[in-house]
Each structure stands twice: as structure tokens, then as C-alpha cells.
Enquirer: 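Would you mind keeping the following structure in view while I ask a few things?
In this text the structure is predicted, and so the values were computed from the model without any measurement.
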Amino acid sequence: MKNIKQDFEKNRFKYIAGIAIVAILVFVIASIAHGFSINAFGPEENSQPEQEQPVEGDTSKKEESKLSQEQVAAKAMYSPEILEFISLLEANVWTAGNETKSIVFSNGETFKERSSASENETYYTITTLDITKSTDGANTTYTSAINTGKESFIMTCTATTAGNGIGMSVTSSAFNLSKSYARSTAALTFAIEGMTDKMDTLIGNTTPALTEQLREYCALTYPTASKATWDKTATVDWEYNTVGFSVKLDNSSKTQVALTYHMDTKIFDIGGVK
């Protein structure tokens with residue numbers, strides 16, 4: 001025992017240093033173990049993904065179509081003529097009852113009727129379309145069969161482009177507030193390009209009036225057109241005091257429309273496709 005005590009006294013500093021080193025090692029190991037515990041369990045608590053917050057005013061998620069499967073199938077089979085007819089309906093404003101009632105066609109599949117007392121929206125598709133024109137091309141009748149998802153109806157649209165009798169109406173028993181609506185105004189911007197000062201003088205400086213008449217005409221017959229370009233040619237008939245020329249529209253068919261200006265009356269005849 002005495003020898004152990006003497007040995008301890010002799011090597012006191014070595015023992016103290018060894019104990020200190022062991023204590024430090026224990027502390028380091030404990031710290032590493034604690035850190036491992038945090039890394040092992042901490043992320044699990046925060047592993048839930050952040051919920052995407054809706055952005056105010058975000059309209060990216062549009063209302064889904066309410067068409068039935070049958071209607072969707074019919075819409076997928078639309079011909080170019082049906083698509084052009086739908087464009088015609090949507091390019092115009094329709095009213096009835098001294099403009100106290102209105103109907104608006106939109107999105108290629110709905111018509112919405114409004115009055116001061118009520119409003120209703122109907123989803124529709126066109127299953128058949130027949131187009132007939134008078135021999136002079138002044139009158140066009142569109143007869144279509146439409147499906148509202150519950151019933152089928154006939155919808156008839158008539159257009160007149162003769163002289164001052166320009167007008168259009170759409171009629172169907174599928175409508176609720178009024179069975180017939182007349183075109184009120186054309187929801188269409190329109191411009192004529194390529195006209196020169198000489199040509200404007202030749203037609204009596206009536207280019208603004210011609211622009212408005214063409215806007216009306218195209219709203220009824222080629223509603224996707226927003227521009228007409230003069231082809232730089234004109235034919236003057238001094239015997240009948242007329243100026244004949246044509247313009248090309250910017251619709252998908254690039255339709256060329258014949259025009260005749262009467263110098264005596266300053267009236268344009270619009271119609272006829274060249």
C-alpha cells in the first residue's frame with residue numbers, strides 16, 4: 001500500500017494528465033453522439049414540404065368546361081365552316097327588346113343571355129351546319145343543329161349585306177329570354193391598308209366611309225378579318241361612272257372582295273369574291 005502511495009506521489013502529474021485526457025475524450029464523444037442524434041431526427045421533423053400558397057389574383061386555373069362527353073366529341077369534329085360560323089357569332093353583339101336583352105357567344109361553346117332581371121348561361125355544340133346564299137350573294141342563311149347537353153335545337157342565323165339593308169339576326173328555341181336577337185354592333189376593329197391619295201381622290205375621298213362599310217360587311221361574313229389591303233389596281237367605267245377594284249382580307253382564306261364605287265351617288269357595292 002505504501003508502495004502504491006509512493007508511486008502515486010511520484011507520478012501525480014502523469015495521473016492527473018491522463019484523467020484530463022480521458023475526460024476530454026468523453027466530452028468529445030458525447031458531443032459527436034449528440035450531433036448525430038440531431039442530424040438523425042431533426043430533418044424528420046422538418047421533412048414536410050411547404051404548402052404552396054395561392055397567389056392572389058392568380059387566374060391560371062381556369063374553370064373547367066361543362067360540356068358533356070357527347071358534346072366534347074362533337075366539338076372535336078368541327079369543320080372549318082362551323083369554326084368560321086362560331087367566329088361570326090362571337091364577333092358581334094346581339095340584342096332584343098330595344099336592347100333590354102342581349103346574348104353573347106363566347107369560348108366556342110357558350111352563349112349567355114342577360115336582362116335587367118336575369119342572366120343565364122348555356123353550353124352548346126353544333127352538330128350540323130347548312131349554309132345557303134342567294135344568287136346575288138346578298139343574303140346568307142346559316143341553319144345549324146345545336147346540342148345543349150339535354151336537348152337538340154335548330155339555330156338559324158340570317159345575314160343581309162345588300163345596300164343599306166345590312167343586318168343580321170339569330171333565332172332558336174334554345175334561347176330563354178328572347179327567341180330571336182338582332183345584331184346590334186360589330187365587335188370588330190378594322191382597317192384598310194395600301195390606299196393611296198390618288199385612289200382616295202378617285203373614290204371621292206370616301207376611304208373612311210369605305211372602311212366602316214367593310215367593317216360591317218366582314219363582321220357578317222368574314223368575322224376573323226381585321227384588315228383589308230388594296231391590290232393597287234382599279235378599273236374606271238366612264239360610261240357608268242363607276243370604279244371597280246378589290247381588297248384582300250387577312251382571314252385564314254385570304255379572301256379577295258370585289259368593290260364597286262358609284263361616282264354619281266358616292267355609294268359602294270360590296271360583295272362578290274374574286
Side-chain angles (χ1 to χ4, degrees), residues 57-96 101-115 118-133 137 139-161 167-190 215-227 249-255 273:
D58 182 11
T59 58
S60 59
K61 293 184 178 180
K62 297 182 180 180
E63 183 181 354
E64 293 184 1
S65 172
K66 296 179 181 178
L67 294 177
S68 66
Q69 291 185 350
E70 181 183 357
Q71 288 176 302
V72 170
K75 188 175 180 180
M77 300 297 292
Y78 278 176
S79 65
E81 291 77 16
I82 290 179
L83 292 174
E84 185 77 11
F85 175 55
I86 291 174
S87 296
L88 184 150
L89 294 172
E90 295 184 358
N92 292 278
V93 178
W94 310 85
T95 60
K101 303 171 185 177
S102 66
I103 187 170
V104 175
F105 295 85
S106 61
N107 301 322
E109 60 184 35
T110 66
F111 57 81
K112 181 178 289 186
E113 296 178 87
R114 292 188 180 95
S115 71
S118 64
E119 175 180 309
N120 61 75
E121 185 177 48
T122 302
Y123 281 76
Y124 80 100
T125 50
I126 297 176
T127 54
T128 63
L129 175 66
D130 180 66
I131 304 173
T132 58
K133 293 180 178 288
N139 299 292
T140 306
T141 302
Y142 304 84
T143 304
S144 61
I146 65 172
N147 182 349
T148 63
K150 297 180 180 179
E151 297 182 67
S152 294
F153 300 89
I154 297 297
M155 180 171 66
T156 303
C157 182
T158 57
T160 301
T161 59
M168 197 171 190
S169 64
V170 59
T171 303
S172 178
S173 56
F175 303 153
N176 295 291
L177 301 183
S178 176
K179 298 307 177 186
S180 183
Y181 292 87
R183 187 186 69 107
S184 177
T185 57
L188 178 71
T189 58
F190 199 84
R215 183 182 77 90
E216 292 279 328
Y217 175 81
C218 289
L220 296 176
T221 53
Y222 305 105
T224 59
S226 61
K227 181 177 66 177
L249 305 179
D250 65 343
N251 60 339
S252 59
S253 301
K254 306 300 181 186
T255 305
V273 178

Enquirer: With side chain to side chain contact (heavy atoms under 4.5 Å, CB included) as the test, pick out the partner of Y78 among L129, T125, T127.
Expert: T125
Enquirer: Please list, chain by chain and in numerical order, all residues satisfying side-chain hydrogen bond (donor to acceptor under 3.5 Å, both in side chains) with S68, sequence neighbours excluded.
Expert: Q71
Enquirer: Going by side chain to side chain contact (heavy atoms under 4.5 Å, CB included), name the residues that satisfy it together with T141, two or more places apart in sequence or in a different chain.
Expert: T132, T143, T156, T158
Enquirer: Can we call the ring centroids of F153 and F175 under 6.0 Å apart?
Expert: no
Enquirer: From R183 CZ over to C157 SG, what is the distance, rounded to the nearest 0.5 angstrom?
Expert: 10.5 Å
Enquirer: For S144, what residues pass the side-chain hydrogen bond (donor to acceptor under 3.5 Å, both in side chains) criterion, not counting sequence neighbours?
Expert: none
Enquirer: Is there side-chain contact between I103 and L177, with at least one heavy-atom pair below 4.5 Å?
Expert: no
Enquirer: Please test Y142 against V170 for side chain to side chain contact (heavy atoms under 4.5 Å, CB included), starting from the C-alpha separation and ending with a verdict.
Expert: CA-CA 9 Å; Y142 304 84; V170 59; over 6 Å; no
Enquirer: Verify the neighbour count for atom CD of E119: are there more than 12 heavy atoms of other residues, nucleotides or ligands below 6.0 Å?
Expert: yes
Enquirer: Do L89 and M155 pass the side chain to side chain contact (heavy atoms under 4.5 Å, CB included) test, and can you show the C-alpha distance, the side-chain angles, and the key distance before you say yes or no?
Expert: CA-CA 11 Å; L89 294 172; M155 180 171 66; 3.8 Å; yes
Enquirer: Minimum heavy-atom separation for L67 and Y124, please, with both atom names.
Expert: CD2-O, 4.0 Å
Enquirer: If we ignore hydrogens and angles and just use 3.5 Å, is the side chain of S172 paired with the main-chain N or O of I154 as donor and acceptor?
Expert: yes
Enquirer: State the OG1-NZ distance between T110 and K66, to the nearest 0.5 angstrom.
Expert: 10.5 Å
Enquirer: So, S152 versus N147: side-chain donor-acceptor pair below 3.5 Å or not?
Expert: no
Enquirer: Check salt bridge (Lys or Arg N to Asp or Glu O under 4.0 Å) between K101 and all other residues, then give those that pass, not counting sequence neighbours.
Expert: none
Enquirer: Can any side-chain N or O of K133 pair as donor or acceptor with the backbone N or O of T140 at less than 3.5 Å?
Expert: no
Enquirer: Under the side chain to side chain contact (heavy atoms under 4.5 Å, CB included) criterion, do V104 and R114 qualify, and how do the steps go?
Expert: CA-CA 9 Å; V104 175; R114 292 188 180 95; 4.1 Å; yes
Enquirer: Partners of E81 by salt bridge (Lys or Arg N to Asp or Glu O under 4.0 Å), sequence neighbours excluded?
Expert: none
Enquirer: Provide the full list of salt bridge (charged side-chain N to carboxylate O under 4.0 Å, His left out) pairs with a residue in residues 146-158, sequence neighbours left out, each pair given once.
Expert: none
Enquirer: So which of K227, R215, E216 actually passes side chain to side chain contact (heavy atoms under 4.5 Å, CB included) with F190?
Expert: R215
Enquirer: Show the numbers, then the answer: is there a side chain to side chain contact (heavy atoms under 4.5 Å, CB included) between Y181 and N92?
Expert: CA-CA 11 Å; Y181 292 87; N92 292 278; over 6 Å; no
